[in-house]
A.B. asks: 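Below are the structure tokens for one structure; questions will follow.
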Amino acid sequence: MNRSGPSSEPLTPDEAAALLAFHVEAGVTEALADAPVDRYALAEAAATPVAVPAASAAPRADPRGTPAPAAPRAATPPAMPLDDVRAAEGAREIAAACTTLDELRAALAAFEGCPLRYTAKNLVFADGNPKARIMLVGEAPGRDEDLQGVPFVGRAGQLLDRMLAAIGLDRTSVYIVNTLPWRPPGNRTPTPAEHAVCMPFVERHIELVAPDILLLLGGVSAKQLLRTDTGITRLRGKWSAYNSGGREIPALPTLHPAYLLRQPAQKRLAWRDLQSLKARLDALPAR
């Protein structure tokens, strides 16, 4: 590995290790070629239908009676790679075999089907009271969560604590998980394959905790669990039903605390959602 610029002197081992650590922190996990490749552009190109000229849309008859070749078919969007499909199937089998939260945590810690585990510092499993009636589902761990192995401990977590306190709750009266148990490098957007591989563990987590209410924090968790493409600004504040092993759980999507830090004017909407959550909680029959 050489220095950039006019000088071609090789890096010292310490300099090379520091550069590699910087790349991992920034989200660079693979070096495939000397020149960068925009794989998002390649994926978009693969998903773009192939234009078929109008004149050639219908096969022309051959005067000699020979069947004409079929018109070219439009390209279809790329499917999930087979390895990812197998990893997701394996995750579902492993998660289904877990009968306790301790077993689920151990299974996740040993699971090698998601590459995020190799760039994360810690598994972020859960926090709070597993016997609570409310279960909060966030998105992915950030830097602070990755360092401590606990969900919602950074600035967004501090805001979440204040939001819960506003309706008389705290971490002893809720249970908190994320849709991903490992931080994506550099806080990049998780891929659909990473979500697909981790989702069986989230679904099993909900089944084992068996909460009375789900609070879905942010668009990612709402879309994943409610299986919808509708944006969070249209989903928030509207109760839905999440099916957990044949049992329907009331689910309320709301704005993510990290979004509220960037858009403080939207806290008024989150407050309405919290009031709706409090009313639903108060209406539950006593256990």
A.B. asks: Check E89 with R92, please: is the shortest side-chain N to carboxylate O separation under 4.0 Å?
C.D. replies: no
A.B. asks: For S221, is there any backbone N or O sitting under 3.5 Å from a side-chain donor or acceptor partner on Q224?
C.D. replies: no
A.B. asks: I'd like to know if the side chain of R155 and the backbone of L261 have a donor-acceptor N/O pair within less than 3.5 Å.
C.D. replies: no
A.B. asks: For the pair R247 and D212, find out whether any cationic side-chain nitrogen is under 4.0 Å from an anionic carboxylate oxygen.
C.D. replies: yes
A.B. asks: Under 4.5 Å between side-chain heavy atoms, hopping through other hydrophobics if needed: is there a path connecting F201 to I249?
C.D. replies: yes
A.B. asks: Cluster question for you: counting only ILVMFWY and a side-chain heavy-atom cut-off of under 4.5 Å, with indirect links fine, are L104 and L225 together?
C.D. replies: yes
A.B. asks: For C114, is there any backbone N or O sitting under 3.5 Å from a side-chain donor or acceptor partner on E194?
C.D. replies: no
A.B. asks: About how many Å separate CE of M135 and CG of L215, when rounded to the nearest 0.5 Å?
C.D. replies: 11.5 Å
A.B. asks: How long is the straight-line distance from CG of L277 back to CD1 of I134, given to the nearest 0.5 Å?
C.D. replies: 4.5 Å
A.B. asks: Kindly say whether E139 contributes a backbone atom to a donor-acceptor pair with the side chain of N178 at under 3.5 angstrom?
C.D. replies: yes
A.B. asks: Could you tell me whether the side chain of E207 reaches within less than 4.5 Å of the side chain of R204, counting heavy atoms only?
C.D. replies: yes
A.B. asks: Under the 3.5 angstrom rule, does the side chain of N129 hit a backbone N or O of V174 as a donor-acceptor pair?
C.D. replies: no
A.B. asks: I want to check something: taking the side chain as every heavy atom from C-beta on, are F111 and C198 in contact at a cut-off of under 4.5 Å?
C.D. replies: no
A.B. asks: With heavy-atom distances below 4.5 Å as the criterion, would you say the side chains of H256 and V220 are in contact?
C.D. replies: no
A.B. asks: Main chain of Y259, side chain of Q263: is a donor-acceptor contact present, judged purely on distance under 3.5 Å?
C.D. replies: no
A.B. asks: Can you measure from CD1 (I206) to CD (E203) and round to the nearest 0.5 angstrom?
C.D. replies: 7.5 Å
A.B. asks: Please check this pair: side chain of D146 against backbone of K121, looking for a donor-acceptor N/O pair closer than 3.5 Å.
C.D. replies: yes
A.B. asks: L116 versus V197: any side-chain heavy-atom pair under 4.5 Å?
C.D. replies: no
A.B. asks: Compare every heavy atom of A156 with every heavy atom of P257, then report the nearest pair and how far apart it is.
C.D. replies: CB-O, 3.4 Å
A.B. asks: Output the distance between atom CD (Q148) and atom CZ (R143), rounded to the nearest 0.5 Å.
C.D. replies: 10.5 Å
A.B. asks: Just so I know, are the side chains of I213 and R133 near enough to count as touching, which here means a heavy-atom distance under 4.5 Å?
C.D. replies: no
A.B. asks: In terms of hydrophobic clustering (I, L, V, M, F, W, Y; side-chain heavy atoms under 4.5 Å; direct or indirect links), are L101 and L136 co-clustered?
C.D. replies: no
A.B. asks: Does H205 form a side-chain contact (heavy atoms from CB on, under 4.5 Å) with F125? I'd like the steps, not just the answer.
C.D. replies: CA-CA 10 Å; H205 209 149; F125 184 70; 3.4 Å; yes
A.B. asks: Are L281 and L169 close enough, and set up right, to give a side-chain contact (heavy atoms from CB on, under 4.5 Å), and what steps lead you there?
C.D. replies: CA-CA 11 Å; L281 178 62; L169 302 176; 4.0 Å; yes
A.B. asks: Would you say L255 ends up clustered with W271 if hydrophobic residues are merged whenever their side chains have heavy atoms under 4.5 Å apart, either directly or through other cluster members?
C.D. replies: yes
A.B. asks: To the nearest 0.5 Å, what is the distance between CG on L217 and CE on M163?
C.D. replies: 7.0 Å
A.B. asks: Are T100 and D102 linked by a side-chain donor-acceptor pair shorter than 3.5 Å?
C.D. replies: no
A.B. asks: Show, in sequence, the C-alpha distance, side-chain angles and deciding distance for D170 and L164, and conclude whether the side-chain contact (heavy atoms from CB on, under 4.5 Å) test is met.
C.D. replies: CA-CA 6 Å; D170 58 25; L164 293 173; 5.8 Å; no
A.B. asks: Which heavy atom in D273 sits nearest to a heavy atom in L252, and how many Å separate them?
C.D. replies: O-CD2, 3.4 Å
A.B. asks: Please find the pair of heavy atoms, one from V153 and one from Q158, that lie closest to each other, and give the distance.
C.D. replies: O-NE2, 4.2 Å
A.B. asks: Kindly compute the distance separating CG (D161) from CZ (R171), expressed to the nearest 0.5 Å.
C.D. replies: 4.5 Å
A.B. asks: Within a 6.0 Å radius of atom NZ on K131, are there more than 12 heavy atoms belonging to other residues, nucleotides or ligands?
C.D. replies: no
A.B. asks: Please name the pair of heavy atoms, one in T254 and one in A270, separated by the smallest distance, quoted to 0.1 Å.
C.D. replies: OG1-CA, 4.2 Å
A.B. asks: Ignoring hydrogens, what is the shortest heavy-atom contact between R183 and A120? Give both atom names and the distance.
C.D. replies: N-CB, 4.0 Å
A.B. asks: How close do P253 and L226 get, heavy atom to heavy atom, and via which atoms?
C.D. replies: CG-CD1, 3.9 Å
A.B. asks: Between L216 and L180, is there a shared hydrophobic cluster once you connect ILVMFWY residues whose side-chain heavy atoms come closer than 4.5 Å?
C.D. replies: yes
A.B. asks: Apply side-chain contact (heavy atoms from CB on, under 4.5 Å) to the pair R117 and L123, showing each step before the final yes or no.
C.D. replies: CA-CA 7 Å; R117 65 164 293 168; L123 169 71; over 6 Å; no
A.B. asks: I want to check something: taking the side chain as every heavy atom from C-beta on, are V124 and W182 in contact at a cut-off of under 4.5 Å?
C.D. replies: no
